[in-house]
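Quick note: numbers below take in every heavy atom, side chains included, and nothing from hydrogens, waters or symmetry partners.
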Amino acid sequence: MDKSAAHTNFLKNLRRRRWAILTCQALILAGFFGIWELAASFGWIEAFIFSSPSRMYRMFISMMERGELLRHVWVTAGQVLAGFVLGTLLGVAIAILLWANDFTRRVLNPYLVVFNALPKTALAPIIIVWMGNNPRAIIATALLISVVVTILNVLTGFLQVEEDKTRLAESFGASKAQILAKVVFPASVPDIINAIKINIGLSFVGVIVGEFLVAQAGLGFLIVYGSQIFRMDMVMLSILVLCSLAAVFYAVITIIEKRFAGWAE
Amino acid sequence: MKPIVELQDIYMNYHSKDGEVCAVGGVSLPVSAGEFVSIVGPSGCGKSTILSLIAGLISPVSGSVSVDGRVGYMFQRDQLFPWRTILNNVLFGLEIQKNKNADTVAYAHHMLEKYGLGDFRNHRPRELSGGMRQRAALIRTLATRPKILLLDEPFSALDYQTRLAVSDDIGGIIAAEGITTILVTHDISEAIALSDRVVVLTKRPATVRNIHKIQFDGDYQSPTARRKLPQFPEYFNKIWKEMKDDG
């Protein structure tokens, strides 16, 4: 089919707009680092305290040469992954139990709401005392932060499934397990993925706080260590790497979302 | 002949904090095999409750429900699952009943072909029009080969044009497959256009006010064709007056 001139024009404008958005995004990033670098080199800011992109780059090269940076990145990435995978699985499992049992759900509801409002990082020191000064305590902190949000989000998703959808399954003689597996769970996949998206952020918070306290390895450790020995280049670099790591995690989730929840768009 | 569905003196109550509501107050209704029966009545009069009772989703407070054969249920909205293709939606009932095998899958394919959805079997529901979706929903029910079909306002979510076309469509499929059907609707003309008998219920608690035998001359005529016949407005006025007197 031939496209009309107006439609071709419309598509061209659409493309142009997308490029304009991407260009502006790139400019903001370049501008931010450019001004930072200039400000440091002209002495408008104290590079020793504020660091600068070129100093961060030198730090990056030297830490990469010593193989130090990647080791810390892997430690943090592994703990974040473990924390949010466990948090998500446990959260979904508990949501299923609460969905299946109305009485338990009502009994536990106020506890969940209060626990959700509590800043879980406040519990990190307790967890370290209980579980020891080790990566397990860090993962437990990350898990604890993400599990409650997962329960609440996924449970809401489960309970929002249209009643007639379950009645339809019942009219075919479906058991409760079948309703869960074939109706309620697939219908809630977008909610579960949303929970995962929130959990990544929360899991990072848990791991970084954990690494601050446990102080053995990881980007959180580098940030604390760097600030204590006044190596702001190390601190800023670690934060930048942390941003990139979060972006990678987010990109992976977006791919998973397209694959499993594409129907919900 | 023994009726395929028989309700005898059914009473049904709902309990809530505000009190007890009597939804159905003594309804008796026999339906014979192959019949198309519509139930009309003022909104909120317990029509859908009667379908839920027949489907066995709920049990009556008193009275007996006897149903001879498997029941298929169709809802107001198609309730096709957006995460499944049309074919997989149609196979849903068979999966639930653990009856998905070469024969039943072939039958599902056959029904999709026969009723013009063959080319859409790998499409997602949202890619289909409202009418096609409702047809797919009917095929999903028919794929499990029910003996009795329960339709709960299956056209009310559609706009008027589509609604006429779809009731021709669905009416034709049901007539061709010869399945006993009970339709609940608040639309009197839809009931007359589709049914052999129209049951008029009173407002809550529902009781049977009257049963009209609908007869048009000649062979099967589509619902739209029936609407044009001279008997049509006579039935309409009679039933409308009954419902109005009640309201």
Roughly how far, to the nearest 0.5 Å, is the CG atom of B:D152 from the CZ atom of A:R167?
-> 6.5 Å

Go through the structure and list residues passing side chain to side chain contact (heavy atoms under 4.5 Å, CB included) with A:K197, not counting sequence neighbours.
-> A:N194, A:Y250, A:I253, A:E257

Under a 4.5 Å heavy-atom cut-off, does chain B meet the side chain of A:A187, its backbone, both or neither?
-> both

By residue number, those in residues 72-85 of chain B with heavy atoms under 4.5 Å from heavy atoms of chain A are B:Y73, B:F75, B:R77, B:Q79, B:L80, B:F81, B:P82, B:W83, B:R84

Might you point out which heavy atoms bring B:E95 and A:K182 nearest each other, and give the distance in Å?
-> OE1-NZ, 2.9 Å

Proximity breakdown for A:V189 and chain B, heavy-atom pairs closer than 4.5 Å | neither

Around atom CG of B:D119, are there more than 12 heavy atoms of other residues, nucleotides or ligands at under 6.0 Å?
-> no

Heavy atoms from other residues, nucleotides or ligands near CZ of B:R204 exceed 12 (cutoff 6.0 Å) | no

Starting at CZ of A:F172, measure out to CZ of B:R70 and round the result to the nearest 0.5 Å.
-> 9.5 Å

When rounded to the nearest 0.5 angstrom, what distance separates CD1 in B:I96 from CD in A:Q178?
-> 4.0 Å

Scored by heavy-atom pairs under 4.5 Å with chain A, the best of B:P125, B:P146, B:G93, B:S52 is B:G93

More than 12 heavy atoms of other residues, nucleotides or ligands under 6.0 Å from CD of A:E163: is that the case?
-> no

